[in-house]
S.K.: 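Next up is a structure, given as C-alpha cells.
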Amino acid sequence: MSVRVRFAPSPTGYLHVGALRTALFDELFARKNNGKNILRIEDTDRARYNAESEQEFIESLKWVGIDFDEGPHLGGPFAPYRQSERKEFGIYAPILKRVLEEGIGYKAFDTPEELDEMRLTQQINKQPTGYFGGEWRDASPEKVAEAESEGRPYVVRLKVQRGKRIVIDDAIRGRIEWDSNLVDDPVLIKADGMPTYHFAAIVDDHLMQISHVFRGEEWVSSAPKHVELIDQLGWERPMFVHCPVIVGKTGKKLSKRDGATRVLDYMAKGYLANPLKNFIALIGWSPGDNREELSPQELIDSFDIKGLQASPGKFDIDKLNWLNGSAIRQMSATDLRKVLLEYVESPVTQGYWQTYEYDPESGDPAVDGDRTLETLNLLAEAAKSRHDYCDAAIGLEQERVQRLADFGEACSFFFEDTPTMHPDAVKKWFGQPHVKNMLHELSQEVASRSCSKPEEFEAVLRNWQTSNGFEKLGPIVHPVRVALTGRTFGPGLWELMEVLGNEKVAKRLELARSLCF
RNA sequence: GGCCCGGUCGUCUAGCGGUCUAGGACGCCGCCCUUUCACGGCGGAGAUCGCGGGUUCGAGUCCCGUCCGGGCUACCA
C-alpha cells in the first residue's frame, strides 16, 4: 500500500506551532516512505472561516520547508482540495444518498432548543451527554416524511450500532476501545447542508486514498465515530496516528501566555526554519539514539512512528534558542549576511517588530521593538553595499547571538556613526582618573601609526600600559571597549578594532573623552 | 458526572524483564580558556522511574488498583 498522508487544517486563523508539528510528522513520514503529502483545507464551518488564513498556512508551511505534492495551491488528481468546493462539486452527495438509503444515517429534526434541553436533563441525571436516539433515530418513514413536508430543518446523524465494542488500533497508543452504547450519534450533515468534519474528513480521506491519518490526540474521542462510519460504508480504515499535543508551562495546550504560538512569529523573531523543524520534531519524537541536532534530511531518514511519544510534551524555548544559536554558529558569515538581508526585508519581520510589545511573561529577551527594527535596518543597509565590512561584523558577533533579530543590537556599533552608549558602561569605566587622558593619547597614537592589524592595535595599548605603569591591561582595555562600542561586552577588542578601522577607532576614542567625569 | 488518553532528572528524552548503582541533551552551578561577553573544553548537582499492591530468582520495563494531569462530552474543527 502506498503511503498517502494529509494535513487538513481549518482556515480559521494562523498556523499554530502545535498544528505545525502534525504537519511536520506528515511530511517526514511521507518523505521517508516515498509517499505523497497532501494539503486539504477543511472549510466547512462558514461561521469561523477566515479568508486570509489559507495563504498564511501555505506561507508558514513553505517557510518551514514542508512541501506538498497535492493541494489547493498545486492541484492534483483528487482536486478540488477545499471541502467547500468539494461540496459544490457534489462530491459528498452520492455518499450522503447511500448513507440515507442504507440506513447508515438518519434525518433528525430536533431544534437547537430541544437539544439544549436534552443535554441539560442528561447532566442533571448524571448521564452521558449526547444524542443517543432522541425521537428520530428510529422514527417511522411516515413521521420523517411528514416533518420533511412541513419544511422543518434537519441534520443527518450517523446511526451508531449499539451493543458492541468499537475498537481502533492506534499507531502510537495501540488498541483503544469503547462501548458503542456510550458513543452518541454524530451529526454528519448540518442543517445548512454542509458536511461536518465527521463526514467530510472521513469521505475525503477515503476518496483521496489516505493511508495514515496523523492528527492531534484531541481527536481520539471521536475516533470511534469515524471508524463506525467507515465500517458501515464498507471502506478500508486508514491507520490512525494520534499525536500528543504540545503543552505550555501549565500543562495545558500551548497558549499565548507560553510565548508565541503563531509559526510566522518565530520567523519574525529570527528563528531559522531548520532548527525550528528540528526542535518541533524532538518534542514527542526521538530518533532513538542520542542525536539532538538533525538536518532536515536526517530527520526524514530517521523518522519512524515507533519513535513517537504518547505523552504530551512541553514547549521549552531554551532548547529552541540553543538549537537556533548553534545553527547560526555553523553558518558562514557570507551566508548569514544573505539570510539576514532577506530576513530583515521580509514584511513579516517588519510588521512584527513595528507592533512589538515586550511581555515579561513570554520568555523573550527584553528588547525594544523600535530599537530592534532600527538596528536591523541599519544592518540590512550595510549588507547590501558593504559586503566585506558586514561579513566581518557578522563574523565577530555570530557566536553570541541566538536569533537573527539579535544581530541588530549586537552589530549596531559597527554601523552607527557613533555607538549608542550604555549608561552603566560609562558609569563603570569613565570615572577613573586616567581614562580621559588615555583616550586622547591612544587616539593620537592609533592615528599617527595608522594601525590596521589587530597586533598593531594591541601593541599601542600595551605600550601605553607599560609606559604609564599599569600592572594589568584591564584599566586600558575596558574603557577603550566602552569608547568604541558603548558597552562592556562583545567580540575581542583587537579584532573589533581591525574591523572598525583606524579612522573610526581614532575618532571614537577622541569623542568619548567628553563622557569622562 | 461519563468516556478516553497520559505519568522516567526543572524540561525534551533513551530504556522495550537482568548490561540501570537509570544514559544523552537543554537549562543550572563550578573550573579551564580569556582584555569583557560569548563560543569551546572539562566537571558537578539533579529522577528510588506518580503512588500502592502483585507476577517473577529478578521490574522503570508485565498485571491490578489508586492518585494526579490532560482531552472529548457542539449543527467547531
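What you see is a predicted model; the values in this text were computed from it and never measured. No hydrogens, no waters, no symmetry mates; every other heavy atom, side chains included, goes into these values. A note on names: the letters A, B, ... follow the listed sequences, proteins ahead of strands, and every chain is numbered from 1.
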S.K.: Taking it one step at a time, do Trp136(A) and Phe109(A) satisfy ring-ring contact (aromatic ring centres under 6.0 Å, His included)?
M.R.: CA-CA 7 Å; Trp136(A) 298 101; Phe109(A) 297 82; 4.8 Å; yes
S.K.: Looking at Tyr131(A), is Arg157(A) sitting on its ring face, NZ or CZ under 6.0 Å from the six-membered ring centre and within 45 degrees of the normal?
M.R.: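 Yes, cation above the ring, under 6.0 Å and within 45°.
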S.K.: What nucleic acid atoms does Ser311(A) come within less than 4.0 Å of, heavy atoms only: base, sugar-phosphate, or nothing?
M.R.: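 Sugar-phosphate, no base atom in range.
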S.K.: Of the listed nucleotides (rG27(B), rG23(B), rG70(B)), which one gets closest to any side-chain atom of Asn290(A)?
M.R.: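 Side chain of Asn290(A) sits closest to rG23(B).
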S.K.: Once you apply a heavy-atom cut-off of 4.0 Å, does Lys126(A) come out as touching a base, just sugar-phosphate, or nothing?
M.R.: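 Touches sugar-phosphate only.
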S.K.: Over all strands shown, is Arg119(A) touching base, sugar-phosphate only, or nothing at heavy-atom distances under 4.0 angstrom?
M.R.: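 Sugar-phosphate only.
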S.K.: Under the 3.5 Å rule, do the base of rC76(B) and the side chain of Arg48(A) count as making a donor-acceptor pair?
M.R.: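 Indeed, a donor on one side and an acceptor on the other fall under 3.5 Å apart.
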S.K.: Heavy atoms only, 4.0 Å cut-off, all strands: where does Asp110(A) land among base, sugar-phosphate and nothing?
M.R.: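 Counting heavy atoms under 4.0 Å across all strands, the contact made by Asp110(A) includes a base.
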S.K.: To the nearest angstrom, how far is Trp322(A) atom CH2 from rG27(B) atom C1'?
M.R.: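 Going from Trp322(A) (CH2) to rG27(B) (C1'), I get 11 Å.
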S.K.: Base, sugar-phosphate or nothing for Ala310(A)? Non-hydrogen atoms, less than 4.0 Å.
M.R.: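 Sugar-phosphate, backbone atoms only, no base.
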S.K.: Nearest to the side chain of Val155(A), which nucleotide is it out of rC75(B), rC37(B), rC76(B)?
M.R.: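 Of the options given, the side chain of Val155(A) lies nearest rC75(B).
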S.K.: Looking only at the side chain of Gln309(A) (C-beta and beyond, no hydrogens), which of the listed nucleotides rA77(B), rC75(B), rU13(B) gets closest?
M.R.: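 Given the options rA77(B), rC75(B), rU13(B), the side chain of Gln309(A) is closest to rU13(B).
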S.K.: Reckon Lys472(A) touches a base, only the sugar-phosphate, or nothing at all at heavy-atom distances under 4.0 Å?
M.R.: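 Lys472(A): no heavy atom of the nucleic acid under 4.0 Å.
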S.K.: Among rA77(B), rC75(B), rC39(B), which nucleotide has an atom closest to any side-chain atom of Glu42(A)?
M.R.: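 Nearest to the side chain of Glu42(A) among the choices is rA77(B).
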S.K.: Would you say the side chains of His16(A) and Arg262(A) form a donor-acceptor pair under 3.5 Å?
M.R.: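 Arg262(A) and His16(A) do not have a side-chain donor-acceptor pair below 3.5 Å.
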S.K.: How many whole angstroms separate atom CZ of Phe489(A) from atom C1' of rC39(B)?
M.R.: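 Atom CZ in Phe489(A) sits about 16 Å away from atom C1' in rC39(B).
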S.K.: Yes or no on salt bridge (charged side-chain N to carboxylate O under 4.0 Å, His left out) for Arg337(A) and Asp391(A), after CA distance, side-chain angles and deciding distance?
M.R.: CA-CA 6 Å; Arg337(A) 187 191 73 229; Asp391(A) 286 359; 2.8 Å; yes
S.K.: Remember a base hit wins even if backbone is also touched, and classify Arg291(A) as base, sugar-phosphate or nothing at under 4.0 Å, heavy atoms.
M.R.: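 Here Arg291(A) touches no strand at all.
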S.K.: What does Val187(A) touch in the nucleic acid at a heavy-atom separation under 4.0 angstrom: a base, only the sugar-phosphate, or nothing?
M.R.: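 Touches sugar-phosphate only.
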S.K.: Just checking, is any N or O donor in the side chain of Thr121(A) or Glu117(A) under 3.5 Å from an acceptor N or O on the other one?
M.R.: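 There is no such pair (donor and acceptor under 3.5 Å, judged by atom type) between the side chains of Thr121(A) and Glu117(A).
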S.K.: Nearest to the side chain of Glu292(A), which nucleotide is it out of rC76(B), rG70(B), rA25(B)?
M.R.: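 Among the listed nucleotides, the one closest to the side chain of Glu292(A) is rA25(B).
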S.K.: Is Thr12(A) touching bases, backbone alone, or none of the nucleic acid, heavy atoms closer than 4.0 Å?
M.R.: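 Thr12(A): no heavy atom of the nucleic acid under 4.0 Å.
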S.K.: Quick one: label Pro491(A) by what it contacts on the DNA or RNA (base, sugar-phosphate, nothing), any heavy atom closer than 4.0 Å.
M.R.: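 If one applies the 4.0 Å heavy-atom cut-off, Pro491(A) turns out to touch a base.
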S.K.: Side chain of Ile283(A), heavy atoms from C-beta onward: which of rU35(B), rC12(B), rC3(B) has the nearest atom to it?
M.R.: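 Given the options rU35(B), rC12(B), rC3(B), the side chain of Ile283(A) is closest to rC12(B).
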S.K.: NA contact type, Gly474(A), heavy-atom cut-off 4.0 Å: base, sugar-phosphate, or nothing?
M.R.: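 Since no nucleic acid heavy atom lies under 4.0 Å of Gly474(A), the category is nothing.
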S.K.: Closest to the Arg329(A) side chain: rU35(B), rC76(B), rG40(B)?
M.R.: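 So the side chain of Arg329(A) is nearest to rG40(B).
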S.K.: Taking the side chain of Ser286(A) as its heavy atoms from C-beta onward, which of rA77(B), rC37(B), rA14(B) lies nearest to it?
M.R.: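 Per side-chain heavy atoms of Ser286(A), the pick is rA14(B).
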S.K.: Sequence neighbours excluded and cut-off under 3.5 Å, please list the side-chain donor-acceptor pairs for residues 468-477 of chain A, or say none.
M.R.:
| residue | atom | partner | partner atom | Å |
| --- | --- | --- | --- | --- |
| Asn468(A) | ND2 | Trp464(A) | O | 2.7 |

S.K.: Among rC76(B), rG6(B), rU35(B), find the nucleotide with the atom closest to the side chain of Arg462(A).
M.R.: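 It is rU35(B).
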S.K.: Heavy atoms under 4.0 Å, any strand shown: does Leu282(A) hit a base, just sugar-phosphate, or nothing?
M.R.: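 Counting heavy atoms under 4.0 Å across all strands, the contact made by Leu282(A) is with sugar-phosphate only.
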S.K.: Is Gly284(A) touching bases, backbone alone, or none of the nucleic acid, heavy atoms closer than 4.0 Å?
M.R.: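 The answer is sugar-phosphate, as Gly284(A) gets under 4.0 Å only of primed atoms, P, OP1 or OP2.
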S.K.: Please report, rounded to the nearest Å, how far the P atom of rC16(B) is from the CD1 atom of Ile172(A).
M.R.: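 The answer, rounded to whole Å, is 20 Å.
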S.K.: What nucleotide, of rC5(B), rC39(B), rU35(B), holds the atom closest to the side chain of Ile176(A)?
M.R.: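 Minimum distance to the Ile176(A) side chain belongs to rC5(B).
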S.K.: State, without any angle test, whether Ser326(A) and Glu293(A) hold a side-chain donor-acceptor pair at a distance under 3.5 Å.
M.R.: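 The criterion, which ignores hydrogens and geometry beyond distance, is satisfied for Glu293(A) and Ser326(A).
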S.K.: Quick one, which residues of residues 217-226 of chain A touch RNA chain B with a heavy atom under 4.0 Å?
M.R.: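 Here the set is Glu217(A), Glu218(A), Trp219(A), Val220(A), Ser221(A).
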